[in-house]
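I have placed the structure first, in the form of structure tokens, so that the comments after it can refer back to it.
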Amino acid sequence: KMKNLITIILLMFAFVANAQDITLLHINAKWNTSNDYNLRGIRHAKVLMVNLEDQSAELKSQIKAVPTIVIIGKDGKPKGQWQADLSFKLNVPREEIQERINVLLFGDSKN
């Protein structure tokens, strides 16, 4: 199922994502905007924010919790994912996301 989700995401955003960039895809629901995850300050990545309600039925069926953040690597493949807990909040330090991006780009967590 995860493979289907990622395939759909990649097809939806292929026209937006540049093969040279890391993309952070932030998926949330309109009813949960108070729990949007703040990605301001993330460096070296393009951030795309989408509403789950505006997506295809197939993609909606693959998302089990909102918000969800997916890192899409320079090769167009998923490199990490974080999902909200039962409170519909995403409890991950921004530094963890930034470190994953840095490792993908630079091979270490510096920068």
Side-chain angles (χ1 to χ4, degrees):
K1 288 188 176 190
M2 180 66 178
K3 191 173 184 179
N4 291 341
L5 167 64
I6 298 305
T7 301
I8 293 167
I9 290 170
L10 294 176
L11 290 174
M12 288 173 41
F13 295 100
F15 68 97
V16 176
N18 180 329
Q20 301 302 312
D21 293 336
I22 299 289
T23 301
L24 282 180
L25 179 61
H26 177 285
I27 304 167
N28 202 358
K30 292 176 184 173
W31 57 263
N32 194 40
T33 57
S34 64
N35 290 320
D36 273 345
Y37 190 81
N38 181 355
L39 290 167
R40 276 179 264 149
I42 293 288
R43 295 172 295 136
H44 312 299
K46 184 184 309 181
V47 176
L48 298 175
M49 297 185 73
V50 299
N51 287 317
L52 184 61
E53 294 89 347
D54 298 334
Q55 307 311 311
S56 70
E58 189 173 355
L59 176 60
K60 287 181 197 176
S61 72
Q62 299 296 317
I63 300 295
K64 301 302 180 202
V66 290
T68 293
I69 294 175
V70 180
I71 292 181
I72 301 171
K74 293 189 287 185
D75 61 1
K77 295 181 181 177
K79 302 298 182 184
Q81 178 176 319
W82 295 269
Q83 294 182 346
D85 59 20
L86 292 176
S87 70
F88 299 107
K89 293 180 183 177
L90 192 56
N91 294 309
V92 59
R94 243 189 335 266
E95 295 80 14
E96 181 178 325
I97 297 171
Q98 184 66 64
E99 182 174 334
R100 181 78 59 94
I101 292 166
N102 291 349
V103 167
L104 290 170
L105 288 173
F106 311 113
D108 63 36
S109 60
K110 298 173 183 74
N111 273 322

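Just so it is clear, the structure is predicted and the values come from calculations on it, not from any experiment.
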Could you verify whether a donor N or O on one side chain and an acceptor N or O on the other, from T23 and D21, lie under 3.5 Å apart? no
As an exercise, state the distance from CG of N35 to CG of D85, rounded to the nearest 0.5 Å. 9.0 Å
At what distance, to the nearest 0.5 angstrom, does CD of E95 lie from CD1 of I42? 8.0 Å
Check step by step if side chain to side chain contact (heavy atoms under 4.5 Å, CB included) holds for V92 and I69. CA-CA 10 Å; V92 59; I69 294 175; 5.6 Å; no
Quick check: closest heavy atoms across A65 and A84, and the distance to 0.1 Å? CB-O, 3.6 Å
Distance (rounded to the nearest 0.5 Å) between Q83 CD and I27 CD1: 9.0 Å
Side-chain donor/acceptor of H26 to backbone N/O of Y37, under 3.5 Å: yes
Got Q98 and I101 here, is their nearest side-chain heavy-atom distance under 4.5 Å? yes
Note: V70 and P78 closest approach over all heavy atoms is CG1-CB, 4.3 Å
More than 12 foreign heavy atoms under 6.0 Å from NZ of K79: is that the case here? yes
With side chain to side chain contact (heavy atoms under 4.5 Å, CB included) as the criterion, how do I71 and W82 come out once you've worked through the C-alpha distance, each side chain's angles and the decisive distance to 0.1 Å? CA-CA 9 Å; I71 292 181; W82 295 269; 3.5 Å; yes
Any donor-acceptor pair under 3.5 Å linking the side chain of N51 with the backbone of E53? no
M49 side chain reached by N28 side chain, heavy atoms, under 4.5 Å: no
Assess whether side chain to side chain contact (heavy atoms under 4.5 Å, CB included) is satisfied between T68 and Q81, documenting all intermediate values. CA-CA 7 Å; T68 293; Q81 178 176 319; 3.9 Å; yes
CG of L86 to CZ of F88: how many Å apart, nearest 0.5 Å? 7.5 Å
To the nearest 0.5 Å, what is the distance between CZ on R94 and CG on N38? 4.5 Å
Pairwise distance CG(L90) to CG(L39) - rounded to 0.5 angstrom: 8.5 Å
Within a strict 4.5 Å, meaning less than it, do heavy atoms of the P67 and D36 side chains meet? no
Determine, stepwise, if the pair I72 / K77 fulfils side chain to side chain contact (heavy atoms under 4.5 Å, CB included). CA-CA 5 Å; I72 301 171; K77 295 181 181 177; over 6 Å; no
Are any of the side-chain heavy atoms of L105 and K74 separated by less than 4.5 Å? yes
